[in-house]
Number of protein chains: 2
Amino acid sequence: MIEKCSCTVVHEDVVNKVKELMPKEEVLYDVAELFKVLGDTTRIKIICALFESEMCVCDLAAVLSMSQSAVSHQLRVLKAARLVKYRKEGKVVYYSLDDDHVKMIFDLGLLHINENRGA
Amino acid sequence: MIEKCSCTVVHEDVVNKVKELMPKEEVLYDVAELFKVLGDTTRIKIICALFESEMCVCDLAAVLSMSQSAVSHQLRVLKAARLVKYRKEGKVVYYSLDDDHVKMIFDLGLLHINENRGA
DNA sequence: TGAATATATGAACAAATATTCATATGAGGT
DNA sequence: ACCTCATATGAATATTTGTTCATATATTCA
């Protein structure tokens, strides 16, 4: 039932209906986790850079003006979230976007931002 | 130029091209900020609940089994990001989604998650 | 006016996370 | 085999962030 809410007047019907319809805890966790990965300036920059072209770690570090280490750490996070993939060529590792969901998600994000500028 | 990268072999042409094409720092920051807001389980749950119906703070607290205070704090964050809006009716405050970008973004996120389950 | 209640908010604490630094790994060239 | 270079990674640190607790605000009702 209703546990941790100190309020007394609650619309119980609504609460119960919504509780039923909510996706599984696990799914919501994973979705949040995905957005958390997108919710960092460095990683968004990396993704944005990869929209244009596949790039090696050094290139990315140069584009972002960040250390190779920092970029590499973040690439690992992006890789774990299946947002980027890589291809090795000798000692150089080229990263690129794994699929085009990211582009769509990013564009929607951008749309939201832009619509709330004038307002 | 290329500053903080210790690497010597860099594809300078690519780097310069991508640097040009990158959106403004400020825009990228805002986009990351938006996804950061979506990147928390509590907030995703709130949003998900609001997909079904507008709800007051108490209802939400009940659905999430969380304290009224915690929910209220997160609603503030969602409000600041223009993801939710509210309507007062007496002492009760009803929250709902501000626009339907969120729904689209959420669904794309879900899609990404689901496609990477079997793999 | 005063009590009750829904919501908001500030401060404090705990947990998560991004960057740096130092170093490891692994591939090419000599 | 050795040296160089691109990348990866572990530990440490600093910062951010979510929740709790206590309390403030605001509205209804008596």
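Given the structure is predicted, the values throughout are model-derived calculations rather than measurements. Within every chain, numbering begins at 1; the chains are lettered A, B, ... in the order of the sequence lines, protein sequences first and strands thereafter.
- For B/S69, the side-chain atoms get nearest to C/dG10 when compared with the rest of C/dT7, C/dG10, D/dT9.
- For the salt bridge (charged side-chain N to carboxylate O under 4.0 Å, His left out) test, residues two or more places apart in sequence or in another chain that qualify with A/K103 are A/D107.
- B/R76 has no side-chain polar atom (N or O) that falls below the 4.0 Å cut-off from OP1 or OP2 of C/dA8.
- Among pairs with a residue in residues 68-80 of chain B, none fulfils salt bridge (charged side-chain N to carboxylate O under 4.0 Å, His left out), at least two apart in sequence or across chains.
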Could you give the side-chain donor-acceptor pairs of residues 90-98 of chain A under 3.5 Å, partners two or more places apart or in another chain?
from: A/Y94; atom 1: OH; to: B/H11; atom 2: NE2; distance (Å): 3.0

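- Side-chain atoms of B/Q68 come within donor-acceptor range of the base of C/dA8, with a qualifying N/O pair under 3.5 Å.
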For nucleotides 1-3 of chain C, list the nitrogen or oxygen atoms of the protein found under 3.5 Å from its nitrogen or oxygen atoms, one pair per line.
none

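- A/E52 meets the salt bridge (charged side-chain N to carboxylate O under 4.0 Å, His left out) test with no other residue; sequence neighbours excluded.
- Atoms CG (B/L60) and C1' (D/dT19) sit 17 Å apart, rounded to a whole Å.
- Between the CZ atom of A/R87 and the P atom of C/dA27 there is a distance of 16 Å, given to the nearest Å.
- In this view, B/A70 and B/M66, B/S67 satisfy the side chain to side chain contact (heavy atoms under 4.5 Å, CB included) rule, not counting sequence neighbours.
- Evaluation of the salt bridge (charged side-chain N to carboxylate O under 4.0 Å, His left out) rule for A/E20 yields no partner, not counting sequence neighbours.
- Of the residues in residues 88-96 of chain B, those lying under 4.0 Å from DNA chain C by heavy-atom distance are B/K91, B/V92, B/V93, B/Y95.
- Each side-chain hydrogen bond (donor to acceptor under 3.5 Å, both in side chains) pair with one or both residues in residues 32-43 of chain A, not counting sequence neighbours, appears once here: A/R43-A/Q74.
- Residues forming a salt bridge (charged side-chain N to carboxylate O under 4.0 Å, His left out) with A/D99 (at least two apart in sequence, or on another chain): none.
- Computed from coordinates, the B/L64 CG to D/dG18 C1' distance equals 14 Å when rounded to whole Å.
- Proximity of a side-chain donor or acceptor of A/D59 to a complementary backbone N or O of A/M55 within less than 3.5 Å is not detected.
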Response to the item:
Per-nt protein contacts along nucleotides 13-19 of chain C (heavy atom under 4.0 Å; B base, S backbone sugar-phosphate only, - none) come out as ----SSS
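- Applying the side chain to side chain contact (heavy atoms under 4.5 Å, CB included) rule to B/L110 yields the partners A/V27, A/V31, B/F106, B/N114; only residues at least two apart in sequence or on another chain are considered.
- If you measure from atom OH of A/Y86 to atom P of C/dA27, you get 12 Å, rounded to the nearest angstrom.
- For the pair B/L75 CG and C/dT7 P, the computed distance is 10 Å after rounding to whole Å.
- Under a 3.5 Å cut-off, the side chain of A/H112 and the backbone N or O of B/A81 do form a donor-acceptor pair.
- Checking D/dA14 for Watson-Crick or G-U wobble geometry (two distances, each under 3.5 Å) identifies C/dT17 as its partner.
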